[in-house]
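Note sheet for the following structure.
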Amino acid sequence: MTSLWPPPWLHCDETTPDPCSGTPIGTHTKCLAHLVPADRAAYLAGLAPGADINVRGTRITATLLRQLLAAVRVAGRPRLGKADFSHVDFPDGADFINVDFSGSDADFYLASFTGFACFNGSHFTRGGVNFHDTTFSDAAFLGMVVNGTATFLGSRFSGDARIEHVTCRQVLALSNAKFGGPTRIDAAAERVMCHQTRWDATASLALRYADLDLTGAIITQPFAVSVSPFARPAETAWFSGSSPDVRVVSLASTDATHVLLTDVDLRNCRFTGAAHLDLLRLEGSTRFACPPAGVHWRWGCQDGGLVVAYLPRNMPGGSHRPRVEAGAPPHNAPGPHA
């Protein structure tokens with residue numbers, strides 16, 4: 001339920017034990033949770049697959065959600081039209097497994113999930129999904145497909161977060177989100193935005209096709225970025241002709257102490273204001289921008305295989321770091337010289 005009172009929408013007239021912010025159903029004065037059983041049963045019986053749902057501000061228990069999704073099931077999968085779950089309180093967590101959202105962007109803005117939230121196999125077929133400022137405990141989004149942008153701006157995860165085998169046609173937006181538990185992200189997306197995202201537990205990001213922006217990210221525990229090996233069915237249509245490589249486009253204003261990058265493209269990465277770049281770990285095949293004309297690389301083995309490159313500190317695209325840890329010289333670097 002919303003913390004706003006009174007809420008800026010027409011709301012349920014239930015006041016016992018507390019005032020209710022739920023949106024009234026149809027011509028009734030009460031929300032889905034507070035309808036008398038006969039009226040609730042009649043409403044659910046009148047739903048069909050693809051029905052629009054507006055339960056903004058309502059307290060949706062596991063039982064009530066199960067009844068709602070059963071009413072719109074077809075061919076074994078619930079199908080919703082336009083879905084407004086904003087400001088909803090899910091006190092038992094929520095099971096949205098294999099739900100098709102066939103309307104425009106589904107809205108979970110400022111929803112609260114207490115317990116396990118599961119969106120495994122959910123498909124947002126005609127738009128994106130909005131989890132802006134949503135609160136999660138443990139959450140899983142395995143195999144989620146989003147035909148648009150998946151927004152987690154400002155969301156808070158207090159437990160484990162598994163955003164795996166996800167396909168997002170446009171942006172996976174994680175900026176200003178807070179991840180308090182172990183996090184695993186495996187996603188194909190056009191862009192992954194992590195501006196000022198806070199990671200307070202171990203995190204791994206295995207991505208495909210994506211530009212990754214880590215500007216101002218707050219990383220306090222081991223944090224790994226790599227290329228995902230898992231191809232997804234929707235890739236053929238959405239990313240045809242694109243390279244599945246991961247392009248890290250910014251580490252600006254980020255402390256790189258705990259960061260490990262594997263097989264990524266750094267050719268257009270901005271490093272301005274980044275801290276502890278000497279502790280940034282690079283593994284696999286890392287691509288760098290070519291140095292400007294007249295600048296020479298010097299590299300050699302030391303400290304068990306450390307490659308050292310010397311560059312001007314002010315290069316186009318930001319302040320590139322002068323020391324590189326890797327097992328081979330930077331891409332396009334000439335051989336060693338005295």
By salt bridge (Lys or Arg N to Asp or Glu O under 4.0 Å) - contacts of Asp245 (at least two apart) = Arg287
Could you pull out all residues at least two apart from Asp84 that satisfy side chain to side chain donor-acceptor pair (under 3.5 Å)?
-> Arg56, Ser86
Leu44 side, atom CG; Leu32 side, atom CG - distance, nearest 0.5 Å = 6.0 Å
Of all residues at least two apart in sequence or in a different chain, which pass the side chain to side chain contact (heavy atoms under 4.5 Å, CB included) check with Ala62?
-> Arg66, Asp92
Could you state the interatomic distance from CG (Asp52) to OG (Ser104), rounded to the nearest 0.5 Å?
-> 8.0 Å
Nearest-0.5 Å distance that lies between atom CG in Asn54 and atom CD1 in Ile25 = 7.0 Å
Return a table of donor-acceptor pairs under 3.5 angstrom between the side chains of residues 171-183 and protein atoms on other chains or two or more places apart.
{"residue": "Ser175", "atom": "OG", "partner": "His195", "partner atom": "N", "Å": "3.0"}
{"residue": "Asn176", "atom": "ND2", "partner": "Gln196", "partner atom": "OE1", "Å": "3.4"}
{"residue": "Thr183", "atom": "OG1", "partner": "Gly181", "partner atom": "O", "Å": "3.0"}

Linking I/L/V/M/F/W/Y whenever any side-chain heavy atoms sit under 4.5 Å apart, do Phe96 and Ile163 land together?
-> yes
Side chain to side chain contact (heavy atoms under 4.5 Å, CB included) with Asn130: of Thr151, Leu153, Asp105, Leu110, only one passes, and it is Thr151
Salt bridge (Lys or Arg N to Asp or Glu O under 4.0 Å) with Lys82: which residues, sequence neighbours excluded?
-> none
Could you tell me which residues satisfy side chain to side chain contact (heavy atoms under 4.5 Å, CB included) with Arg126, sequence neighbours excluded, listed by chain and number?
-> none
Counting distance only, does the side-chain N/O of Asp265 pair as donor-acceptor with the main-chain N or O of Arg267 below 3.5 Å?
-> yes
Flag yes if Val264 and Ile185 sit in one hydrophobic cluster, no otherwise; membership is Ile, Leu, Val, Met, Phe, Trp, Tyr, and two members link when side-chain heavy atoms are under 4.5 Å apart.
-> yes
Just grab all the ring-ring contact (aromatic ring centres under 6.0 Å, His included) pairs involving residues 19-61, residues at least two apart or on different chains.
-> none
So, the side chain of Arg162 versus the backbone of Ala139: is there a donor-acceptor pair under 3.5 Å, distance only?
-> no
Only counting residues at least two apart or in another chain, list the ones meeting salt bridge (Lys or Arg N to Asp or Glu O under 4.0 Å) with Glu235.
-> Arg208, Arg232
All heavy atoms of Leu207 vs all of Val246, minimum pair found to be O-CG2, 3.3 Å
Hey, what do you get for CG (Asp186) to OG (Ser228), rounding to the nearest 0.5 Å?
-> 3.5 Å
Side chains of Arg281 and Leu261: closer than 4.5 Å at any heavy-atom pair?
-> no
Verify, without hydrogens or angle tests, whether Arg73 (side chain) and Arg79 (backbone) share a donor-acceptor contact under 3.5 angstrom.
-> no
Can Val129 be reached from Ile60 by stepping across I, L, V, M, F, W or Y side chains whose heavy atoms are under 4.5 Å apart?
-> yes
Tell me, please, which residues at least two apart from Ile218 pass side chain to side chain contact (heavy atoms under 4.5 Å, CB included).
-> Arg198, Thr220
For residues 115-125, please give each side-chain donor-acceptor pair under 3.5 Å, one per line with the distance, not counting sequence neighbours.
{"residue": "Asn120", "atom": "OD1", "partner": "Leu142", "partner atom": "N", "Å": "2.8"}
{"residue": "Ser122", "atom": "OG", "partner": "Phe119", "partner atom": "O", "Å": "2.7"}
{"residue": "Thr125", "atom": "OG1", "partner": "Phe101", "partner atom": "O", "Å": "3.3"}

Any sub-3.5 Å donor-acceptor pair from Ser21's side-chain atoms to Gly57's backbone N or O?
-> yes
Considering only heavy atoms from C-beta outward, does the side chain of Leu251 approach that of Arg270 to under 4.5 Å?
-> no
Could you go through the side-chain hydrogen bond (donor to acceptor under 3.5 Å, both in side chains) check for Thr215 and Ser250 one step at a time?
-> CA-CA 6 Å; Thr215 300; Ser250 179; 2.6 Å; yes
Test item: Thr61 side-chain N/O and Leu64 main-chain N/O as donor-acceptor pair under 3.5 Å | yes
What's the spacing between Phe90 CZ and Thr114 OG1 if we round to 0.5 Å?
-> 10.5 Å
Look at the side-chain heavy atoms of Ile, Leu, Val, Met, Phe, Trp and Tyr, link any pair under 4.5 Å apart, and say whether Val227 and Val259 land in one connected group.
-> yes
Hey, does Ser285 have a side-chain heavy atom less than 4.5 Å from the side chain of Asp263?
-> yes
For Leu205 and Leu212, the nearest pair of non-hydrogen atoms, with its separation, is CD2-CD1, 4.2 Å
Taking all atoms of both residues into account, what is the closest heavy-atom pair of Cys31 and Cys12, and its distance?
-> N-SG, 3.4 Å
Approximate separation, where rounding is to 0.5 Å, of Thr135 OG1 and Asp133 CG | 8.0 Å
Does some side-chain heavy atom of Leu214 sit less than 4.5 Å from a side-chain heavy atom of Thr197?
-> no
Looking at Phe152, Phe131, Phe136, which one forms a ring pair (Phe, Tyr, Trp, His ring centres under 6.0 Å) with Phe108?
-> Phe131
Among pairs that include at least one residue of residues 202-252, which meet ring-ring contact (aromatic ring centres under 6.0 Å, His included), considering only residues two or more places apart or in two chains?
-> His165-Phe230, Trp199-Phe223, Tyr209-Phe239
Asp213 side chain to Val249 backbone, donor-acceptor under 3.5 Å | no
Shared hydrophobic cluster for Leu35 and Leu69 (ILVMFWY, side-chain gaps under 4.5 Å) | yes
All pairs passing side-chain hydrogen bond (donor to acceptor under 3.5 Å, both in side chains) where residues 251-261 contributes a residue, at least two apart | Asp255-Thr257, Asp255-His276, Thr257-His276
Are any side-chain N or O atoms of Thr58 and backbone N or O atoms of Val55, one a donor and one an acceptor, separated by less than 3.5 Å?
-> yes
